Chemist: 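Okay, handing you the structure first.
Keep in mind it's a predicted model, so treat the numbers as computed, not measured.
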Amino acid sequence: MSTKNKSNVTVFPGPRAPSPSRIQELINGALQRVAPLWPLDQFVAVNPYQGFSDESFGRAIQRVALTSGGKMVMERRFFLEAYRAGKFNNDDIHAAIGRLNASVTLKNVLDALHTSAQSDATDKTGSAMRTYADVAEEQSGKDWQALITQQVSHWASGYFDAGQAAWPSPFSNLSPFDAWRAETKIDCTPLLMNISEHDDFIDSLPPSPMAACEYAISRLGVHESLLDLYLHRLLMTIGGWVAYARYRGWHDELAGGSPALVLEMLAIRLSWELMLANEYDDAGGQLRWRRHLANGVRQLSSAATSDDQPIIDEILLGAYEYAWQDATVEKIQQPAEQIETNRPKVQAVFCIDVRSEVLRRAIEGINPHIETTGFAGFFGLPIEYVPIGAESGVAHCPVLLKPDVTLHESMNDTSSELTTRLANRVRLKRQLTHGWRAFKNSAVSCFVFVESYGLAYGVKLLAHTLGIGRPEPLPRHRGLSARTARELAPQLLSIADNESGLALERQIEFAESMLRGMSLTKNHARIVLLTGHGSATTNNAHGSGLDCGACGGQSGETNARIGAMILNSPSVRSALNLRGICIPDDTLFIAAVHNTTTDEVTLFDTKAAPETHTQEIVDLQETLDKASEASRQERSVLLGVAPKKSSSRKQMARKSADWSDVRPEWGLAGCAGFIAAPRAMTRSKNLEGRAFLHSYDYRDDPDFSVLELIMTAPMVVASWINLQYYGSTVDNRVFGSGDKTLHNVVGHSIGVLEGNGGDLRVGLSKQSVHDGQRYIHEPMRLSVFIAAPIVAINTIIERHENIKNLVDNGWLNLFALYEDGDIVARYRGNLEWESHSEHDMKQQNKG
């Protein structure tokens, strides 16, 4: 192997080298391909295929195979087992063939299903798109792809560290690319990897990330037709850290910026490619690389004219989905439950989360005088919330929004002195905790600490094992007694000169948008319950993923309490009266939180309620307790908990507090549908906790602005959730986080590694979708049912490109409901619809 300086060697000039402007265009496109990854303390669901939703689902199947060696459809044996179990049949396959206008026959599909299921031809690992690391591996016998991933991951965990490391990176003040260059120059690891003169190579790189990418691409000579896939492939080799880098610049992107940090990560990965190319070019590397590029062009051409296997996979998925859609349509078309049209006793608003469907159904079954409503769990309040004693706040709104209001936590007592005293106490306790943790983890004291204090920790370990003192429902209340935590509440108005608040005019705006969005502009009950949701688990790195996604991975308690405070304000109600929303004087808004792990519902601020409502609150709590028990009974089957009424509450509480339980609850596993319709259309119909339920009545939405908001926000978020569970189920190696028992938290709250190295993992663990024997989540794309005129739906689709991409490219299935669900139309694409059944389409087009 030559040791001369080879940094200016052109590895493969290429017959069709792209122009600099074309290279920049392809680079900018590649930067959008990897979806963002939110950190553990605000872990929210993300569509793993977000970066290529502008392509059809079928084309994306090929892209995923080429860039990650992954798959986007379940293996054939899964569909064969489902077919034999009667979960879909030949009629469903016929329907799927027709929707895709495929040239294959039913016999072709069945033959492929039975023959390929034995060998699982669709279950492949390894990527068809090659990198120079693969060439170097052939030549040296070293797994360079894994070595590079390990090196980048090791560097990134130090650079991005958020407080876990005792000694921060000395280069953290530099940009990622500059920091990597500075660290790699003095790092001896490349020498140990037999890469000679790596410091000279680093000096030869252009200083800016874009220039470095252009330089590497021109030297490597990648064919223009391959460049998009090649860059995507490189990003996927460090996909977890690239995803985290994209999260760090997410709000800049929402404001129209580019993913700058992702560009820096791409520059680092391309530099490694060129470093290997410079090292191995004298030993046949050029020839091997040239051959790989030529093969890549051929593979790309053959992919466009491939056999019927990809389309058969898509047909099987479509048939599997069609069977569930047909069963759901049948439920919707069942006669609606007749409910009283006079004033309900209670109106209970829940998040659209699928876990709420079970509880809502139970509440209405126990007390038919309670009317439940579905709305996004942040209640339309895009806030940043600062916990007591904290220096900064956390967003409590969907990640598609940026909070524009900052509110602080304080004591219920309006005394700022009391709040300040408690905040100082919390800060002091956190500092002491941090100092104690630093002492335990220091290199000097760790051995002495274990030897001298190890036995004392046995008591703490035993307490944790028995569930004593755990879990902590809200991390922000760590260190506070339960009694003190109950006295804390959001502060609407500023309590200090440097703190933000919520002006009356903004409160009025929020109140009106909340009520109109929830279709609660008239006939208000004496009690209106705003119910957020959160979870309570122990030793769960991804615990925030079980909290409210609409609240940015936080508990919905805060937003519910703020919403109730605003809507109980006499000044706000007077202003709403002038805007056509008249809330009766005896209507009381009460905040609540639904613990999705134990199914308990807790009411807040009831002590301040007027005596006229005391008995009704007591009755409501009794109904909620009964509904919680019914919900636990239903959920206990999937959770493997003995469904005995006398023990289910204790069993669920024990799972919540058990630090060894990898499945404290199933989260949103099973999610398959999104229904935006009046509650009367779905009331009393068992949707098995698999549907997001958003209340909507188009007759109260004359300009369809609420419908537009639903389709552009909650529907998109539900699709993200659905596709995260889908991807983590279909290919957990690429789109999931692997085995939960092997997770190690990195960077304090950045994410997890599986084991002690490798890339940062994304998505959900295997235990989140599989119970050890079977899949609990059934991998199918979201089916959206909207009770609104087709003309209105089409107008919104046409107006928003991202929505058009979702529905036209097959990332979700869209249906329109008419006449209380009796008529159902299915979206075909390009603003065209077809009848889902034999009903006359003329009736559907009257809207």
Chemist: Hey, are the side chains of L316 and V73 touching, using non-hydrogen atoms and a 4.5 Å cut-off?
Modeler: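 No, too far: nothing below the 4.5 Å cut-off.
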
Chemist: For R355 and L546, run side-chain contact (heavy atoms from CB on, under 4.5 Å): C-alpha distance rounded to whole Å, both residues' side-chain angles, the deciding distance at 0.1 Å, then the answer.
Modeler: CA-CA 10 Å; R355 290 167 291 185; L546 299 176; 4.1 Å; yes

Chemist: Ignoring hydrogens and angles, tell me if any N or O in the side chain of R246 forms a donor-acceptor pair with the backbone of V34 under 3.5 Å.
Modeler: yes

Chemist: Side chains of P18 and E25, heavy atoms from C-beta outward: is any pair under 4.5 Å?
Modeler: no

Chemist: Are any side-chain N or O atoms of K71 and backbone N or O atoms of V730, one a donor and one an acceptor, separated by less than 3.5 Å?
Modeler: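 Side chain of K71 to backbone of V730: a pair is present.
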
Chemist: Where is the tightest heavy-atom contact between S153 and G758, given as atom of each residue plus distance?
Modeler: OG-O, 2.6 Å

Chemist: Any idea how Y322 and H836 line up, ring-wise: parallel (<30°), tilted (30 to 60°), or perpendicular (>60°)?
Modeler: tilted

Chemist: Does a side-chain heavy-atom distance below 4.5 Å link D228 with R63?
Modeler: yes

Chemist: Hey, are the side chains of V152 and M265 touching, using non-hydrogen atoms and a 4.5 Å cut-off?
Modeler: yes

Chemist: Taking atom types as modelled and ignoring hydrogens, do the side chains of T105 and N108 form a donor-acceptor contact shorter than 3.5 angstrom?
Modeler: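 The criterion, which ignores hydrogens and geometry beyond distance, is satisfied for N108 and T105.
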
Chemist: What pair of heavy atoms forms the shortest contact from M711 to V716, and how long is it?
Modeler: O-CG2, 3.6 Å

Chemist: Below 6.0 angstrom between ring centroids: does that apply to W272 and W144?
Modeler: no

Chemist: Hey, what's the ring geometry for W720 with W38, parallel, tilted or perpendicular (30° and 60° as the breaks)?
Modeler: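 Because their plane-to-plane angle lies in the 30° to 60° range, the rings of W720 and W38 count as tilted.
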
Chemist: Answer yes or no: is there a donor N or O on one side and an acceptor on the other, between the side chain of S719 and the main chain of M715, under 3.5 Å?
Modeler: no

Chemist: Say whether, by atom type as modelled, one donor and one acceptor occur between the side chain of R59 and the main chain of N809 under 3.5 angstrom.
Modeler: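 Between the backbone of N809 and the side chain of R59 there is no qualifying donor-acceptor contact (under 3.5 Å).
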
Chemist: For S535 and D547, run side-chain hydrogen bond (donor to acceptor under 3.5 Å, both in side chains): C-alpha distance rounded to whole Å, both residues' side-chain angles, the deciding distance at 0.1 Å, then the answer.
Modeler: CA-CA 5 Å; S535 66; D547 286 335; 3.0 Å; yes

Chemist: Any carboxylate oxygen within less than 4.0 angstrom of a Lys/Arg side-chain nitrogen, looking at E138 and R130?
Modeler: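 Salt bridge flag = yes for R130 with E138.
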
Chemist: Using distance alone, with no hydrogens and no angle criterion, decide if N813 and Y827 have a side-chain donor and acceptor under 3.5 Å apart.
Modeler: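 Y827 and N813 do not have a side-chain donor-acceptor pair below 3.5 Å.
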
Chemist: Less than 4.5 Å apart, any side-chain heavy atom of L147 and any of Q151?
Modeler: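 The answer is no, as the side chains (C-beta and beyond) never meet within the 4.5 Å cut-off.
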
Chemist: First locate atom CG of L231, then atom CG of L31, and finally report the distance between them rounded to the nearest 0.5 Å.
Modeler: 8.5 Å

Chemist: Does S544 reach the main-chain N or O of F43 with its side chain, forming a donor-acceptor pair under 3.5 Å?
Modeler: yes

Chemist: Using every non-hydrogen atom in the two residues, find where R663 and G772 come nearest and quote the distance to one decimal.
Modeler: NH2-N, 3.6 Å

Chemist: Would a distance-only check, ignoring hydrogens and angles, find a side-chain to backbone donor-acceptor pair under 3.5 Å from S728 to Y725?
Modeler: no

Chemist: Who passes side-chain contact (heavy atoms from CB on, under 4.5 Å) against H770, sequence neighbours left out?
Modeler: Y775

Chemist: Can you tell me how the ring of W324 sits relative to the ring of F785, calling it parallel under 30°, perpendicular over 60° and tilted otherwise?
Modeler: tilted

Chemist: Any side-chain to backbone donor/acceptor pair from W811 onto E55? Under 3.5 Å, distance only.
Modeler: yes

Chemist: Report the distance from atom CG of L266 to atom CG of L261, rounding to the nearest 0.5 Å.
Modeler: 12.5 Å

Chemist: At what distance, to the nearest 0.5 angstrom, does CZ of F78 lie from CZ of R774?
Modeler: 11.0 Å

Chemist: Can you find a heavy atom in the side chain of D739 that is under 4.5 Å from one in the side chain of E754?
Modeler: yes

Chemist: For the residue pair Y49 and F735, is the inter-centroid distance of their aromatic rings smaller than 6.0 Å?
Modeler: yes

Chemist: Quick one: which of R826, R99, R781 gives a salt bridge (charged side-chain N to carboxylate O under 4.0 Å, His left out) with E321?
Modeler: R781

Chemist: Hey, is E801 close enough to K804 for a salt bridge, meaning N to O under 4.0 Å?
Modeler: no

Chemist: Which label fits Y244 and W241: parallel for a plane angle under 30°, tilted from 30 to 60°, or perpendicular past 60°?
Modeler: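 Rings of Y244 and W241: perpendicular, over 60°.
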
Chemist: Side-chain contact test, heavy atoms from C-beta onward, threshold under 4.5 Å: evaluate it for R76 versus I312 and give yes or no.
Modeler: yes

Chemist: One pair to check against side-chain contact (heavy atoms from CB on, under 4.5 Å): V64 and D731. What are the steps and the verdict?
Modeler: CA-CA 10 Å; V64 167; D731 195 337; 5.6 Å; no

Chemist: Side chains of Y83 and N90: do they bring a donor and an acceptor to under 3.5 Å?
Modeler: yes

Chemist: Taking all heavy atoms of T537 and all of G543, pick out the closest pair and write down the distance.
Modeler: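 That closest heavy-atom pairing would be OG1-CA, 4.1 Å.
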
Chemist: Give the minimum heavy-atom separation between A216 and L274, together with the two atoms involved.
Modeler: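 Result for this residue pair: CA-CD2, 3.9 Å.
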
Chemist: Please round to the nearest 0.5 Å and tell me the distance separating atom CD of E357 and atom CZ of R690.
Modeler: 11.0 Å

Chemist: For the side chain of Q724 and the backbone of N47, is there at least one donor-acceptor N/O pair under 3.5 Å apart?
Modeler: no

Chemist: Hey, does the side chain of R761 reach the backbone of R733 with a donor-acceptor pair shorter than 3.5 angstrom?
Modeler: yes

Chemist: Looking at residues at least two apart in the chain, or sitting in another chain, which of them share a side-chain hydrogen bond (donor to acceptor under 3.5 Å, both in side chains) with H777?
Modeler: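 Expected list: none.
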
Chemist: Please determine whether side-chain contact (heavy atoms from CB on, under 4.5 Å) holds for the pair V717 and F692, giving the CA-CA distance in whole Å, both sets of side-chain angles, and the decisive distance to 0.1 Å.
Modeler: CA-CA 11 Å; V717 171; F692 299 90; over 6 Å; no

Chemist: Between I750 and S157, does the side-chain contact (heavy atoms from CB on, under 4.5 Å) criterion hold? Intermediate values first, please.
Modeler: CA-CA 8 Å; I750 290 176; S157 61; over 6 Å; no

Chemist: Working to the nearest 0.5 Å, report the span between CZ of R288 and OH of Y132.
Modeler: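 So the gap between those two atoms works out to 9.5 Å.
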
Chemist: How long is the span from the CG atom in L723 to the CE atom in M72, to the nearest 0.5 Å?
Modeler: 8.0 Å

Chemist: Would you find a donor on one side and an acceptor on the other, under 3.5 Å apart, between the side chain of H743 and the backbone of S737?
Modeler: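 Yes, because the side chain of H743 sits within donor-acceptor range (under 3.5 Å) of the backbone of S737.
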
Chemist: What heavy-atom pair brings L220 and L293 nearest, and what distance separates the two atoms?
Modeler: O-CD1, 4.1 Å

Chemist: Could you tell me if the side chain of R33 sits less than 4.5 Å from the side chain of M236, heavy atoms only?
Modeler: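 When only atoms from C-beta onward are counted, R33 and M236 do not touch, as no gap falls below 4.5 Å.
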
